[in-house]
There are 2 protein chains.
Amino acid sequence: MVETPRNTRQRRAVGAILDDLDGFASAQEIHDILEQRGEKVGLSTVYRNLQVLVDAAEVDSLRGDDGELLYRRCSAGHHHHLVCRSCGRTVEVEGPTVERWADRVAGEHGFRDIEHTLEIFGTCEQCGR
Amino acid sequence: MVETPRNTRQRRAVGAILDDLDGFASAQEIHDILEQRGEKVGLSTVYRNLQVLVDAAEVDSLRGDDGELLYRRCSAGHHHHLVCRSCGRTVEVEGPTVERWADRVAGEHGFRDIEHTLEIFGTCEQCGR
DNA sequence: ATTCTTGCAAACTATTTGCAGAACA
DNA sequence: TGTTCTGCAAATAGTTTGCAAGAAT
């Protein structure tokens with residue numbers, strides 16, 4: 001019934017890139033990096049494997065300002081991202097304050113099954129000079 | 001030097017749709033509605049006028065889960081949206097709590113020039129039955 | 001009259017999908 | 001061996017752009 005995903009060279013390669021990356025990267029960027037490293041992996045395969053990883057909750061995805069999907073290997077649990085708009089460095093932050101606020105506000109308006117997305121953008125220390 | 005945007009039928013038509021809408025709508029949806037009303041406006045013109053309105057801060061835009069841009073006539077000032085995932089009804093909410101939290105957290109990590117995006121999704125009272 | 005706007009078609013970007021052959025278990 | 005996976009090319013979807021014709025001031 002439940003088949004285990006196969007352990008292919010391409011899947012490992014995509015995973016390896018994600019391990020090495022610090023911030024978020026788009027599927028296309030990941031594909032480019034693979035090419036630079038001499039790993040031949042089709043672009044569609046990159047997309048498919050990223051999707052597999054997202055489904056397995058091994059990778060987090062968010063949509064960038066320009067609408068493209070960005071991926072990052074990411075710790076479990078609900079949290080938000082603080083992203084440097086210059087170098088892309090990312091810090092994961094938790095926000096019980098925000099969670100509570102969002103639930104309360106939504107509840108006051110009669111909404112249920114609340115979800116929320118929150119991203120913080122700024123310029124990090126190194127890029128600030 | 002600074003030229004005023006011209007007051008064209010098409011621009012008025014797009015504005016009128018936005019006035020009538022309650023929630024967010026995509027450019028394509030707005031184009032469809034115009035067609036239903038018998039107003040002939042090219043799709044690209046809809047896109048261009050929406051962009052003009054966004055630049056003029058008369059309209060707010062946000063990116064939906066599927067990556068498409070959604071537009072809505074929207075009050076001034078910084079605020080967030082509480083969107084019903086079923087009917088699309090939208091409530092604008094303010095969150096001084098969140099603003100402060102975001103600034104503080106970002107500051108603690110050495111980030112400057114903070115911006116953030118926050119959207120809350122849920123099921124509204126009417127759709128909850 | 002002059003300059004901004006529109007409409008259409010073509011171009012683009014990001015992403016998905018069909019399918020035949022290759023690779024894993 | 002029997003599936004699952006991959007690569008390529010073609011298909012989608014949303015959005016943008018070039019350009020000649022049309023409208024606003």
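Numbers restart at 1 for each chain; the letters A, B, ... are given by sequence-line order, proteins then strands.
To the nearest angstrom, P of D/dT12 lies 19 Å from CG of A/L43. The distance from atom CG of B/L34 to atom P of C/dG7 is 10 Å, rounded to the nearest whole Å. When the P atom of D/dC5 is taken as reference, atom CD of A/E39 falls 18 Å away, rounded to whole Å. Computed from coordinates, the B/N49 CG to D/dT15 C1' distance equals 15 Å when rounded to whole Å. Residue B/R48 contributes atom CZ, which lies 12 Å from atom C1' of C/dA9 at whole-angstrom precision. Between A/L50 atom CG and D/dT6 atom P the separation is 11 Å, expressed in whole Å. Taking atom CD on B/E68 and atom C1' on D/dT15, their separation rounds to 11 Å, with Å as the unit. Rounding to whole angstrom units, CD of residue A/Q51 and P of D/dT6 are separated by 14 Å.
Contact annotation: B/R11 side-chain N/O to C/dT5 OP1/OP2 distance is under 4.0 Å. Between B/T8 and C/dT5 there is no side-chain N or O to OP1 or OP2 distance below 4.0 Å. For A/N7 and D/dT4, the shortest distance from a side-chain N or O to OP1 or OP2 is not below 4.0 Å. For B/Y47 and D/dT15, the shortest distance from a side-chain N or O to OP1 or OP2 is below 4.0 Å. In this structure, A/Q10 reaches the D/dG7 phosphate: one of its side-chain N or O atoms is under 4.0 Å from OP1 or OP2.
When each of B/L70 and B/R12 is assigned the nucleotide of DNA chain D with its nearest heavy atom, B/L70 is the one assigned upstream, toward the 5' end.
When the nucleotides D/dG2, C/dT3, D/dG18 are ranked by their closest atom to the side chain of A/R6, D/dG2 comes out on top. Among the nucleotides D/dG14, C/dT6, D/dT6, the one closest to the side chain of B/T45 is C/dT6.
Annotation for A/E94: atom CD does not count as buried by contact number, only 12 or fewer foreign heavy atoms lying within 6.0 Å.
Here B/S44 lies in heavy-atom contact (under 4.0 Å) with a base. B/R9 comes within contact range of the sugar-phosphate backbone alone, with a heavy-atom separation under 4.0 Å but no base atom that close. No contact: B/D66 has no heavy atom under 4.0 Å from any strand.
In this model, no donor atom of one side chain and acceptor atom of the other lie less than 3.5 Å apart for B/Y71 and B/E29. Side-chain contact check for A/E125 and B/H109: no donor-acceptor pair (N or O, by modelled atom type) lies under 3.5 Å. In summary, the side chains of B/H31 and B/E39 do not present any donor paired with an acceptor at a separation below 3.5 Å, with no hydrogens or angles considered. Side-chain N/O atoms of A/D55 and A/Q51 include a donor and acceptor closer than 3.5 Å.
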